[in-house]
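Both ligands and their constituent atoms are indexed starting at 1 by order of listing.
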Amino acid sequence: MKIAVYPGSFDPVTNGHLDIIERASKIYDRVIVGVLINGAKKPLFDAEERVELLKSVTADLDNVEIDSFSGLLVDFAKEKNACVIIKGLRTVNDFEYEFQMALLNKALNPNIETMFMMTNTKYSYISSSMVKELAAFKGDLNGFVPTQIIEKIKEKY
Ligand code: PNS
């Protein structure tokens, strides 16, 4: 059984994240989305809320599960028996940092591979920070985040 971990802050989950989750779920037997606890200093949604949002938008994907973690990603992946870490790449700007992370994670645990998935071009400019800024200025979130979480984001502002 090939298990993959897809880690991130997901504050909040965007359509770009969801696209990667859906595509990864077709490749791996199980995809475990790992929500980083206490990544950003002051997240908009706490880890429990981020897990709930992710659960609601992936409810139709049978082989996807959502969990949270703190500490090292490679330890979380090992605990989940995952052999792969999935990372989404939007632009070349993402690459340098992600390449460094992949090498570091490989040094920490050589049994775990990092696999990069290119974002769908439709979503290449979407990020959680951009979504938050848009929401703060009362912009239209349609098309950027799953529709079922739009109200939850608006409630925060
Ligand atoms: O969505 P993000 O904020 O870009 O996700 C970043 C994440 C969670 C993938 C990254 O911060 C991470 O892996 N954090 C766990 C700590 C860790 O293992 N760091 C790398 C070795 S120091």
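Sorted by first and then second residue, the pairs that involve residues 54-66 and meet side chain to side chain donor-acceptor pair (under 3.5 Å), not counting sequence neighbours, are R30-E65. Residues in residues 118-153 take part in no ring-ring contact (aromatic ring centres under 6.0 Å, His included) pair, two or more places apart or across chains. The stretch residues 62-97 participates, sequence neighbours left out, in these ring-ring contact (aromatic ring centres under 6.0 Å, His included) pairs: F69-F76, F95-F99.
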For a salt bridge (charged side-chain N to carboxylate O under 4.0 Å, His left out) check, start with the C-alpha distance between R50 and D46, then their side-chain angles and the critical distance, and finish with the verdict.
CA-CA 6 Å; R50 284 178 272 146; D46 66 31; over 6 Å; no
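Shortest non-hydrogen contact noted between V74 and N105 is CG1-O, 3.5 Å.
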Contacts table for ligand 1: protein N or O within a distance under 3.5 Å of ligand N or O, distances only.
from     : atom 1 : to  : atom 2 : distance (Å)
ligand 1 : 1 (O)  : S9  : N      : 2.9
ligand 1 : 3 (O)  : S9  : OG     : 2.5
ligand 1 : 18 (O) : L73 : N      : 2.8

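For K106, the NZ atom counts as densely surrounded, since its 6.0 Å shell holds more than 12 non-hydrogen atoms of other residues, nucleotides or ligands.
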